[in-house]
Every structure is written in C-alpha cells, then in structure tokens.
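Below is one structure, written out as structure tokens; the observations come after it.
Nothing here was measured: the structure is a model prediction, and the numbers come from that model.
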Amino acid sequence: MASLTSLRLPIIHFSDENLKSGANCCNDIRQAFEEFGSFEAVEILLSYVMEMSELEKMVTRMAIQSFGVEKYYESHIESISYNFVLLKYREPMTDETQLGVPSHTDKSFLTILHQNQISGLELETKKGKWIRLTPSPSSFVVMAWTNGRVHCLRHHVVVSGNKVRYMLLFFSYSSEFDVQKR
Ligand SMILES: O=C(O)CCC(=O)C(=O)O
Ligand SMILES: [Fe+2]
C-alpha cells in the first residue's frame, strides 16, 4: 500500500478578481501542472452564483422597464434574497418507474434553471397543455412570478431511464413582493 504524506494539491482560486488578473492564475495553473499534474479548483460555485444573480437582475430590470414601473426597481432589488440549490436525481431502480418532483408552482419571484442533458421537467402552459422541456446545458430556463398579469407555470419532474440528472436552481425572493396564492 502507498505511504501517505500530508502534502496537498495546489489550490487555485477561481474568484472573479483572480480571473480578471488572468496572468497570475495562468502561471499558477502552469506551475501546478508542472509540479503536480493536478490542482484543486475552488470558488467556482461562488463565481457561478454571482453570474446567476447578474442574470436575475438583468431579467428583472428588463421586465420592470417593459411594465413601465422602473421607479420600483431599486427598492425591489434591495428586497431580494437568493437561494441556490443543487439537485441530483438518481436513475430509478428497476422496480421504480418514475422519480421526480410532484406538481407545484415555485414561491419565488424568479426561478432560473440550468441542467445536464437528461430531461424530466414538464411545464403546464396557461391553457392547460403540458410541455416537456428539451434540456440544454448551454441555456437557462427562467420562470416568472404570479400576479394578476404574469402567470407562474405549474411544473413537475418525471425522471426515467438509466442516467443521473443534475439540476442547478437559482431562486430569487422578494420581501416586498406579495406572491399570490396559486
Ligand atoms: O428539477 C427540476 O427540473 C425542477 C425542480 C423544481 O421544480 C423545484 O425544485 O422547485
Ligand atoms: Fe419548482
């Protein structure tokens, strides 16, 4: 059996500041590869969450502008908090036919979804028709709130087949925004 040492792999911080000052990060990566052939990448999730909050703010600003209620934008943004969830749906066992999430509507202001290639999410349109989403790792699905004018889609998840499904969910909640009963 190999004898263990207390050595650790080099750690590279993928924070925004580090990525912006590219040169240092590149040198660290080269050095890590030369000396260890490997490194531990940290702060990637934080960068991802920051990007998601930028996307959420951009969509919110555009929606608020087009509804002609820009004057509420600042107070709305101040009232926002986020929740970031990573989900893994295992492949169903042989005696299980479907695994997933029962039908519901999110209680968030906006929900942004990002996933691997395994389908499962089904959305009910305003007219009561169900759509099965075609997943794409290069796109995000944005779901809106509900009020008298905007309709949050009821959705559920049905997972079958023999592949694991991964899902990243980014929810924004507003303390000012009154989510109507759905
Ligand atoms: O896994 C999905 O596609 C969606 C999960 C979901 O709807 C939820 O967690 O609210
Ligand atoms: Fe949901």
Side-chain angles (χ1 to χ4, degrees), residues 12 14-16 19 38-67 76-77 79-175 177-182:
I12 305 217
F14 279 72
S15 61
D16 274 0
L19 293 176
S38 177
F39 63 84
E40 261 182 67
V42 296
E43 292 176 36
I44 288 182
L45 267 189
L46 183 62
S47 306
Y48 181 86
V49 168
M50 298 307 283
E51 293 295 331
M52 296 305 286
S53 73
E54 288 307 314
L55 174 62
E56 195 275 343
K57 282 196 196 97
M58 196 196 310
V59 172
T60 301
R61 195 180 56 245
M62 290 161 101
I64 283 184
Q65 269 170 1
S66 66
F67 281 114
H76 174 79
I77 288 296
S79 78
I80 287 284
S81 59
Y82 299 115
N83 192 11
F84 180 56
V85 179
L86 289 99
L87 288 179
K88 177 184 173 187
Y89 297 85
R90 64 170 169 76
E91 58 277 48
M93 315 277 217
T94 41
D95 58 340
E96 294 168 328
T97 47
Q98 295 182 335
L99 265 182
V101 178
S103 178
H104 66 283
T105 52
D106 294 345
K107 303 296 172 263
S108 47
F109 177 68
L110 287 181
T111 303
I112 306 179
L113 305 104
H114 189 200
Q115 66 165 102
N116 68 346
Q117 288 92 338
I118 310 304
S119 62
L121 182 59
E122 298 180 344
L123 308 161
E124 187 184 22
T125 66
K126 256 177 141 169
K127 295 194 170 155
K129 299 254 185 298
W130 284 87
I131 304 170
R132 174 161 264 238
L133 207 81
T134 307
S136 158
S138 60
S139 69
F140 298 85
V141 173
V142 181
M143 291 201 287
W145 64 94
T146 284
N147 59 15
R149 205 158 161 188
V150 177
H151 173 80
C152 171
L153 297 184
R154 177 163 288 280
H155 54 281
H156 60 215
V157 180
V158 178
V159 180
S160 50
N162 56 3
K163 297 234 167 66
V164 175
R165 178 168 186 269
Y166 294 99
M167 198 71 204
L168 299 171
L169 297 124
F170 189 82
F171 300 97
S172 67
Y173 296 93
S174 165
S175 55
F177 184 76
D178 185 20
V179 177
Q180 292 187 352
K181 285 215 163 43
R182 307 160 196 199

Revision key, fill the gap. Residues Val164 and Asn116: closest non-hydrogen pair is O-ND2, 3.2 Å
Practice item. Would you please test Asp106 and His155 for side-chain contact (heavy atoms from CB on, under 4.5 Å) and show each step? Key: CA-CA 9 Å; Asp106 294 345; His155 54 281; 3.2 Å; yes
Practice item. Examine Phe84 together with Tyr48 and report whether their ring centres are nearer than 6.0 Å. Key: yes
Point to revise | For Thr125, side-chain hydrogen bond (donor to acceptor under 3.5 Å, both in side chains) partners two or more places apart | key: none
Review point. Is the backbone N or O of Tyr89 less than 3.5 Å from a side-chain atom of Arg165, with the two atoms forming a donor-acceptor pair by type?
Key: no
Review point. Who passes side-chain hydrogen bond (donor to acceptor under 3.5 Å, both in side chains) against Tyr166, sequence neighbours left out?
Key: none
Review point. Does any non-hydrogen side-chain atom of Tyr82 lie less than 4.5 Å from one of Val49?
Key: no
Point to revise | Glu56: partners by salt bridge (charged side-chain N to carboxylate O under 4.0 Å, His left out), with sequence neighbours left out | key: none
Check your understanding: Tell me the ring-ring contact (aromatic ring centres under 6.0 Å, His included) pairs involving residues 120-139, sequence neighbours left out?
Key -> Trp130-His156
Point to revise | Within-4.5 Å side-chain heavy-atom neighbours: Phe170 and Leu55 | key: no
Exercise for review: Kindly give the heavy-atom pair with the smallest separation between Ser79 and Ser174, and that separation in Å.
Suggested key: OG-OG, 2.8 Å
Practice item. For Glu40, check salt bridge (charged side-chain N to carboxylate O under 4.0 Å, His left out) against everything at least two apart and list the hits. Key: Arg8
Review point. Do Thr146 side-chain atoms and Cys152 backbone N/O form a donor-acceptor pair below 3.5 Å?
Key: yes
Point to revise | From CG (Leu153) to CG (Leu123), nearest 0.5 Å | key: 5.5 Å
Check your understanding: Can you tell which of Tyr173, Trp145, Phe109 makes a ring-ring contact (aromatic ring centres under 6.0 Å, His included) with His76?
Key -> Phe109
Point to revise | Rounded distance (nearest 0.5 Å) linking atom CD1 of Ile80 with atom CG of Leu110 | key: 7.5 Å
Review point. Which heavy-atom pair separates Met50 from Ser53 by the least distance, and what is that distance?
Key: O-OG, 2.9 Å
**Study point:** Side-chain touch Leu169/Met143, heavy atoms, less than 4.5 angstrom
**Key:** no
Review point. Judged by atom type as modelled, is there a donor-acceptor pair below 3.5 Å linking the side chain of Asn83 to the main-chain atoms of Ser108?
Key: no
Check your understanding: Who passes salt bridge (charged side-chain N to carboxylate O under 4.0 Å, His left out) against Arg61, sequence neighbours left out?
Key -> none
Point to revise | NZ/NE/NH1/NH2 to OD/OE distance under 4.0 Å, Lys163 and Glu91 | key: no
Point to revise | CD-CD distance between Gln117 and Gln115, expressed to the nearest 0.5 angstrom | key: 8.5 Å
Practice item. Taking the side chain as every heavy atom from C-beta outward, state whether Val158 and Arg132 have any pair of such atoms under 4.5 Å apart. Key: yes
**Study point:** Side chain to side chain, Met52 and Phe140, heavy atoms closer than 4.5 Å
**Key:** yes
